[in-house]
Amino acid sequence: MTRTMIYAHRGASKLAPENTMPAYDLASESGADGLEIDVQLTKDNIPVLIHDENVRRTTNGTGFVQDYTYDQLRLLDAGSWFSSKFSDCSIVTLDYFLRWFKNRSMQLNVELKTNVIHYNNIEAIVYDQLNYHQMLDRTVISSFNVASVEKITAIDSNVQTAFLTSIKRKHLPKYAYDHGASSLHVKYRMLDKALVKQCHHHRMPLRIYTVNRPSWMTKCFKLGCDGIFTDVPHEAVEQRDLFESK
């Protein structure tokens, strides 16, 4: 049976501020197989790690990422919203993260946040940085926007891509495949045996987000999902160890 890989969703984001280096340090120490990051573009076309298009929720700033230069963005406090002990956290660039990540024996999922704002040329910019750091062979590039998936595939058909969705539709794996995706990432409530069977038929890896409850983790393990994204990677590793020991 397929061993389900555990990806830390925005890092160990229940223990530290999401998409910050402390969250990724903790995730790396947890035994997770991979890390998931969210990427948006600044005003000066620097790819940075942040989930929301607006900085309000996870920093002490206001306004949209695309309206800040990186020099302006990095001055924001990206940790105090979570806990005062993280007040020195800042938004980091993709380049900084990849320099830290490349020496770790983990997989990477890069989510392009293009479903609300389509950042001009973000696909090529992110691809070039992954290529520069020689990270393409252990990276999946995902998006809710099929146009981004198609653009990445057009740049390099050998790159692993994933279509992200929380919306049910008939023949979903085929839909993803037809838009250039080599794998499928779906919301946990969409998971059932039929979907797993369809993905296996298309030889398409199936990964599930965001899986935080032990019961759902076990369901993913039992059905042979290829991966899960979780905010609590340390708990997921423990649950997988228990499942595999039975």
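Looking at heavy atoms from C-beta onward, T165 lies in side-chain contact with M190 at the 4.5 angstrom threshold. Looking at heavy atoms from C-beta onward, L112 lies in side-chain contact with E123 at the 4.5 angstrom threshold. Two residues are said to be in side-chain contact when any heavy atoms from C-beta on lie closer than 4.5 Å; V65 and V55 meet this criterion. Two residues are said to be in side-chain contact when any heavy atoms from C-beta on lie closer than 4.5 Å; I125 and L94 fail this criterion. Side-chain contact check for D192 versus L195: some heavy-atom pair is nearer than 4.5 Å. Inter-residue side-chain proximity for R138 and F101 is flagged as met; some heavy-atom pair is nearer than 4.5 Å. Proximity of C225 to K219: side-chain heavy atoms (C-beta onward) are nowhere separated by under 4.5 Å. Contact check for L73 versus I46: no side-chain heavy atoms found under the 4.5 Å cut-off.
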Go through H118 and S148 one step at a time and tell me if the side-chain contact (heavy atoms from CB on, under 4.5 Å) criterion holds.
-> CA-CA 9 Å; H118 194 91; S148 283; 3.3 Å; yes
Does the side-chain contact (heavy atoms from CB on, under 4.5 Å) test come out yes or no for L108 and F97, once each step is laid out?
-> CA-CA 11 Å; L108 179 63; F97 172 84; 3.7 Å; yes
Just do the side-chain contact (heavy atoms from CB on, under 4.5 Å) check on M106 and L35 with the steps written out, would you?
-> CA-CA 7 Å; M106 304 177 79; L35 302 179; 3.7 Å; yes
side-chain hydrogen bond (donor to acceptor under 3.5 Å, both in side chains) assessment of D44 paired with T42 | CA-CA 5 Å; D44 47 347; T42 63; 2.6 Å; yes
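Distance check, rounded to the nearest 0.5 Å: CD of Q198 to NZ of K170 gives 11.0 Å. In this structure, CD on Q66 lies 10.5 Å from CG on N45, to the nearest 0.5 angstrom. Between atom CG of residue L98 and atom CG of residue D95 there is a gap of 7.0 Å, rounded to the nearest 0.5 Å. Rounded to the nearest 0.5 Å, atoms OG1 (T62) and CG (L76) are 8.5 Å apart. For the atom pair N115 CG and K113 NZ, the distance stands at 5.5 Å (nearest 0.5 Å). Atom CZ of R99 sits about 5.5 Å away from atom OH of Y132, to the nearest 0.5 Å.
The shortest non-hydrogen separation linking L191 to C220 is CD2-SG, 3.7 Å. Looking at every heavy atom in both residues, P47 comes nearest to V39 through CB-CG1, 3.7 Å. Summarising the geometry of T69 relative to K43, their closest heavy-atom pair is N-CB, 4.0 Å, with the distance given to 0.1 Å. When all heavy atoms of S183 and R207 are compared, the pair lying nearest together is OG-NH1, 3.1 Å. Counting all heavy atoms, side chain and backbone alike, L184 lies closest to C199 at CD2-SG, 3.9 Å. Between A12 and A27, the shortest heavy-atom contact is N-CB, 3.7 Å.
In this model, no donor atom of one side chain and acceptor atom of the other lie less than 3.5 Å apart for Q160 and S182. Side-chain polar atoms of S143 and N145 form no donor-acceptor pair below 3.5 angstrom.
Counting heavy atoms of neighbouring residues, nucleotides and ligands inside a 6.0 Å radius, atom CZ of R104 exceeds 12 of them. The number of heavy-atom neighbours closer than 6.0 Å to NE2 of H171, taken from other residues, nucleotides and ligands shown, is 12 or below. Other residues, nucleotides and ligands contribute more than 12 heavy atoms inside 6.0 Å of the CG atom of D67.
Shown here are the side chain to side chain donor-acceptor pair (under 3.5 Å) partners of Y119, two or more places apart in sequence or in another chain: Q40. F86 is linked by a ring-ring contact (aromatic ring centres under 6.0 Å, His included) to F82, counting only residues two or more places apart in sequence or in another chain. Y127 is linked by a side chain to side chain donor-acceptor pair (under 3.5 Å) to D156, counting only residues two or more places apart in sequence or in another chain. Residues meeting the ring-ring contact (aromatic ring centres under 6.0 Å, His included) test with H179, sequence neighbours left out: Y175. Residues passing the ring-ring contact (aromatic ring centres under 6.0 Å, His included) test with W81, sequence neighbours excluded: none. Taking T161 as the reference, nothing meets the side chain to side chain donor-acceptor pair (under 3.5 Å) condition, with sequence neighbours excluded. Partners of K102 by salt bridge (charged side-chain N to carboxylate O under 4.0 Å, His left out), not counting sequence neighbours: none found. Legend: residues meeting salt bridge (charged side-chain N to carboxylate O under 4.0 Å, His left out) with D178, ordered by chain and number and at least two apart, are K174.
Of the residues listed (I6, I208, T230), the one engaging M217 in a side-chain contact (heavy atoms from CB on, under 4.5 Å) is T230, and it is the only one.
I122 and F64 fall within the same hydrophobic cluster, defined by Ile, Leu, Val, Met, Phe, Trp and Tyr side-chain heavy atoms under 4.5 Å apart, directly or through other members. Linking ILVMFWY residues whenever their side-chain heavy atoms come closer than 4.5 Å, directly or via other members, places I141 and I37 in the same cluster. If you chain together hydrophobic residues whose side chains sit under 4.5 Å apart, I50 and Y68 fall into the same group. Residues L49 and V116 are members of one and the same hydrophobic cluster, defined by side-chain heavy-atom contacts under 4.5 angstrom among Ile, Leu, Val, Met, Phe, Trp and Tyr. If you chain together hydrophobic residues whose side chains sit under 4.5 Å apart, L164 and V146 never meet in one group.
Under the side chain to side chain donor-acceptor pair (under 3.5 Å) criterion, the residue pairs touching residues 5-25 are H9-D231, R10-E18, R10-H51, S13-D231, E18-R57, N19-Y24, N19-D38, D25-W100, with sequence neighbours excluded. Under the ring-ring contact (aromatic ring centres under 6.0 Å, His included) criterion, the residue pairs touching residues 186-215 are Y188-W216, with sequence neighbours excluded.
Put simply, the side chain of T139 never gets that close to the backbone of L136: no donor and acceptor are under 3.5 Å apart.
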Would you be so kind as to tabulate the donor-acceptor pairs closer than 3.5 Å made by side chains of residues 232-240, with sequence neighbours excluded?
residue, atom, partner, partner atom, Å
R240, NH1, T4, O, 2.7
R240, NH1, D33, OD2, 2.7
R240, NH2, D33, OD2, 3.4

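In this structure, L26 belongs to a hydrophobic cluster whose other members, linked by side-chain heavy atoms under 4.5 Å apart, are L15.
Separation of the F229 and H185 ring centroids falls under the 6.0 Å cut-off.
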